[in-house]
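Take a look at the structure set out below.
Predicted, not measured: the structure shown is a model, and the values here were computed from it. First the proteins, then the strands, lettered A, B, ... as listed; each starts at 1.
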There are 2 protein chains.
Amino acid sequence: MSRGVLSSPPVRRVTASDVAQAAGVSQSTVSRSFSDDPRISPTTRAHVHAVATRMGYTPNALARSLITNRSGMVAVIATQQSILAMPQMLTAISQALGRRDQRMLLFMPSDESDVQNAVNEAWSFPLEGAISCVTLTTSHLDGFRQNRIPVVLYNRRASGLADSACTCHHAAAADVAQRLWHSGHRRFLCLAGPEDAPVGRERALGFAGQVRSLGGAAPQMVETDFSYDGGHRAVTHALQSGPRPDAVFCVNDQLAMGACDALRYGLNLSVPRDVSVVGFDDIPEAARPAYQLTTLRQDLTSLAQRATALLEARRADPEGQIQELDLQAVLVQRQTARF
Amino acid sequence: MSRGVLSSPPVRRVTASDVAQAAGVSQSTVSRSFSDDPRISPTTRAHVHAVATRMGYTPNALARSLITNRSGMVAVIATQQSILAMPQMLTAISQALGRRDQRMLLFMPSDESDVQNAVNEAWSFPLEGAISCVTLTTSHLDGFRQNRIPVVLYNRRASGLADSACTCHHAAAADVAQRLWHSGHRRFLCLAGPEDAPVGRERALGFAGQVRSLGGAAPQMVETDFSYDGGHRAVTHALQSGPRPDAVFCVNDQLAMGACDALRYGLNLSVPRDVSVVGFDDIPEAARPAYQLTTLRQDLTSLAQRATALLEARRADPEGQIQELDLQAVLVQRQTARF
DNA sequence: CTGAAAGCGCTTACAG
DNA sequence: CTGAAAGCGCTTACAG
């Protein structure tokens with residue numbers, strides 16, 4: 001805490017030139033002292049650092065980036081909804097970026113239709129890359145390419161048009177369908193999420209496809225949102241107006257928890273004796289004693305590490321082959337499904 | 001989508017000079033066309049924009065910021081834990097920033113002890129401000145001041161050393177204590193959160209202080225984490241090893257939900273007949289049918305709007321009086337407390 | 001209405 | 001080992 005600075009505050013930030021003048025060296029020397037250039041003598045470096053500390057100087061990372069072309073910033077694009085539903089996504093990405101000394105510039109479109117504004121704004125920053133947790137159109141991807149910003153999709157696909165790291169939603173859901181089938185379930189209800197949500201759709205289609213290919217009757221598909229309440233409502237309505245299913249597959253855990261509560265407390269059924277319920281994601285709440293949800297776990301941390309690695313690789317080789325990484329989801333067997 | 005650009009990609013980003021050359025105008029004219037300078041003729045502007053679009057040019061916001069001193073970036077500092085517990089905080093801040101055309105650069109220290117690294121990194125960016133959701137020490141605040149970065153604390157106080165927008169944790173908790181007292185509760189258990197978490201502490205102290213000032217026996221204070229499981233464990237242990245309280249005050253809703261489940265399903269007690277439970281925050285889950293939690297709602301959206309407004313005010317008047325804004329929490333009466 | 005030039009805060013050849 | 005100078009991609013007086 002330097003009284004001097006506090007009592008007579010300069011109007012602008014302290015710059016390398018200010019430090020140079022105060023230290024009696026050139027601005028180049030100040031710069032080199034801070035980039036740990038080995039040619040600067042230890043004495044000079046120490047002196048410069050001492051003066052800099054006294055003056056409260058920190059190099060401006062973005063003035064630096066003009067020349068080095070490394071800003072240390074990566075855009076992350078995720079809808080508000082998805083962040084509220086799965087904040088683990090953000091913490092995982094932040095940690096993965098941190099290991100590479102990168103920082104997250106967060107763009108939060110209100111929904112998938114608001115993505116255009118977000119990407120337009122993102123393009124104006126000198127980014128080292130962008131991680132998109134929302135689906136991008138060809139024109140979005142093209143804009144990133146024109147602006148020389150590598151993009152990787154997080155838990156989405158772009159059909160060969162961009163790098164991506166993605167859980168095998170389709171395969172995992174199909175696997176669950178198969179297991180349920182083999183343990184005797186025949187009447188399936190699927191809470192499919194919103195129609196325009198690609199991840200939920202993948203999961204629902206993987207499930208339904210497998211059931212049909214096993215010769216079963218097509219599952220009853222119900223469009224929902226992604227919330228606990230949505231799951232509660234959908235199950236309540238479906239069972240009041242139709243035959244009782246013996247298994248409910250939910251494209252996420254919130255829906256599944258709502259489904260369990262509706263079945264147990266609303267409809268007085270036993271889970272899993274009367275009805276099996278399976279979720280997707282394995283959010284922390286799924287493990288609570290009150291639910292003990294059987295669900296598919298996706299590894300958000302690995303996904304994040306892969307995504308940042310893909311960004312790095314793309315920077316190194318802008319013209320290289322596009323990579324689409326698959327991560328398997330693993331079935332976490334708890335108490336809500338008879339297998 | 002321009003085939004030309006796609007097939008022969010330039011190595012670097014397109015710059016204003018590139019566009020100027022292609023459009024046959026000066027670089028100043030390109031710059032002026034993009035800053036909507038009224039002196040540029042509509043014809044020229046249109047031509048420049050057309051060429052720019054064809055080339056995929058977007059002005060570099062941070063090169064611009066070197067001169068304008070407005071980067072459009074605000075640092076947000078929040079621990080991983082707090083984001084997982086309350087992602088609404090982030091979405092609220094992001095929206096408030098968006099209205100002011102500002103973007104969030106997110107710093108996520110793993111815990112409150114890792115804050116120093118986060119602030120060091122933050123200082124190197126040309127920020128328009130910083131919103132801290134973690135407690136900052138005098139030396140952190142001093143660093144921000146030296147780097148000319150306005151800081152505002154979000155839901156924290158800095159005892160007159162920095163601007164802040166904060167829920168009246170102490171007063172709200174005291175108010176609940178008083179209401180519980182007046183409706184006949186006398187034996188209080190308080191789940192207080194971790195010792196080093198200032199917000200939880202404020203709430204716990206507000207509660208306990210009021211009980212004592214009403215002449216009651218000091219509440220039993222139990223240190224916990226902030227999780228559902230923590231609440232479950234703490235209540236189970238407290239009631240197995242001591243007298244039964246008639247009211248449990250929890251410094252957040254996760255704890256309160258854990259407490260409810262422990263009381264109801266673990267200890268076979270009725271909430272609120274045998275024991276009243278009150279939480280804090282009013283997270284979305286608190287309203288679920290399974291809980292119907294009585295709790296104190298803090299308005300994270302207003303808090304965020306106040307915080308960004310304070311930042312703006314501080315930019316306008318760096319030497320002005322420090323402002324500490326209070327936001328009241330309101331009691332949401334649901335089904336877990338007898339009042 | 002437009003251009004040439006200075007300058008924002010840095011890095012980095014180029015000289016010495 | 002250090003400095004003077006050019007340049008990163010912009011904005012903005014200053015001229016015309």
Side-chain angles (χ1 to χ4, degrees), chain A residues 10-49 51-52 55-73 123-128 147-149, chain B residues 10-49 51-52 55-73 123-128 147-149:
Chain A
V11 173
R12 291 186 59 82
R13 244 178 115 116
V14 177
T15 72
S17 300
D18 299 334
V19 175
Q21 192 167 3
V25 298
S26 73
Q27 183 262 320
S28 325
T29 296
V30 173
S31 170
R32 290 194 180 103
S33 298
F34 273 87
S35 58
D36 282 326
D37 188 312
R39 293 176 310 184
I40 296 292
S41 80
T43 332
T44 308
R45 184 196 315 283
H47 176 228
V48 169
H49 274 120
V51 173
M55 301 176 74
Y57 170 68
T58 313
N60 180 334
L62 290 168
R64 167 182 297 165
S65 85
L66 263 187
I67 295 189
T68 60
N69 218 14
R70 304 211 102 223
S71 65
M73 301 195 312
W123 294 337
S124 74
F125 290 90
L127 300 169
E128 294 188 9
N147 286 286
R148 311 287 122 197
I149 301 171
Chain B
V11 174
R12 291 186 60 82
R13 244 178 115 117
V14 177
T15 71
S17 301
D18 299 333
V19 174
Q21 192 167 3
V25 298
S26 73
Q27 183 263 321
S28 324
T29 298
V30 173
S31 170
R32 290 193 181 105
S33 298
F34 274 87
S35 59
D36 284 325
D37 187 313
R39 293 175 309 184
I40 297 291
S41 80
T43 332
T44 308
R45 185 196 314 281
H47 176 227
V48 169
H49 275 119
V51 173
M55 300 176 74
Y57 169 68
T58 313
N60 180 334
L62 291 169
R64 167 182 295 164
S65 84
L66 264 187
I67 295 187
T68 61
N69 217 15
R70 304 211 103 223
S71 65
M73 302 194 310
W123 292 338
S124 74
F125 290 90
L127 301 169
E128 293 188 8
N147 286 286
R148 310 287 121 198
I149 301 171

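- Between S17(A) and dC10(C), a side-chain N or O to OP1/OP2 separation shorter than 4.0 Å is absent.
- Between S28(B) and dT12(D), a side-chain N or O to OP1/OP2 separation shorter than 4.0 Å is absent.
- Annotation: of the two residues near DNA chain C, G24(B) and A16(A), the 5′-most nearest-nucleotide partner is G24(B).
- Nucleic acid contact for P126(A): none, since no nucleic acid atom lies under 4.0 Å from a heavy atom of the residue.
- Atom CZ of R13(A) is separated from atom P of dG9(C) by 10 Å (rounded to the nearest Å).
- Under the Watson-Crick or G-U wobble criterion, with both distances below 3.5 Å, dT2(C) is paired with dA15(D).
- Rounding to whole angstrom units, CG of residue L66(B) and P of dT12(D) are separated by 12 Å.
- Judged by distance alone, the side chain of N147(B) and the main-chain N or O of I149(B) form no donor-acceptor pair under 3.5 Å.
- Taking side-chain N and O atoms only, T68(A) has no distance below 4.0 Å to OP1 or OP2 of dC10(C).
- With no hydrogens or angles considered, a side-chain donor-acceptor pair links T29(B) and S26(B) at under 3.5 Å.
- Atom CG in D18(B) sits about 9 Å away from atom P in dC10(D), given to the nearest Å.
- Phosphate proximity of dA4(C) to S26(B): absent, as no side-chain N or O sits under 4.0 Å from OP1 or OP2.
- A 4.5 Å side-chain heavy-atom check between D18(B) and R13(B) finds every atom pair outside the cut-off.
- The nearest whole Å value for the distance from the CG atom in N69(B) to the P atom in dT12(D) is 11 Å.
- Rounded to whole angstrom, the span from the CG atom of N60(B) across to the C1' atom of dG9(C) amounts to 14 Å.
- What separates CD of Q27(A) from P of dG9(C) is a distance of 10 Å, to the nearest Å.
- Side chains of F34(A) and T58(A) form no contact here, defined as non-hydrogen atoms less than 4.5 Å apart.
- Base contact: S31(A) has a heavy atom under 4.0 Å from a base atom.
- Here the side chains of R32(B) and T44(B) are not in contact, with every heavy-atom distance at 4.5 Å or above.
- Residue A63(A) has its side chain nearest to dC10(C) when only dG3(D), dC10(C), dT2(C) are considered.
- Contacts of S35(A) with the nucleic acid, taken as non-hydrogen atoms under 4.0 Å apart, are absent.
- Comparing dG9(C), dT2(D), dT11(D) by their nearest atom to the side chain of T44(A) picks out dT2(D).
- Base engagement by R39(B) is indicated by at least one non-hydrogen atom pair under 4.0 Å involving a base atom.
- Atom CD1 in I67(A) sits roughly 5 Å away from atom C1' in dC8(D) (whole-Å rounding).
- Remark: side-chain polar atoms of H47(B) are not paired, donor with acceptor, to backbone N or O of T43(B) under 3.5 angstrom.
- Across the interface with DNA chain D, nearest-nucleotide mapping of R32(B) and L62(B) shows L62(B) to be the residue nearer the 5′ end.
- When each of dC1(C), dG3(D), dC10(D) is scored by its nearest atom to the side-chain atoms of S41(B), the top-ranked nucleotide is dC1(C).
- We find that CG of D36(A) is positioned 14 Å from C1' of dT11(C), with the value rounded to whole Å.
- If you check every strand for non-hydrogen atoms under 4.0 Å, F34(A) touches nothing.
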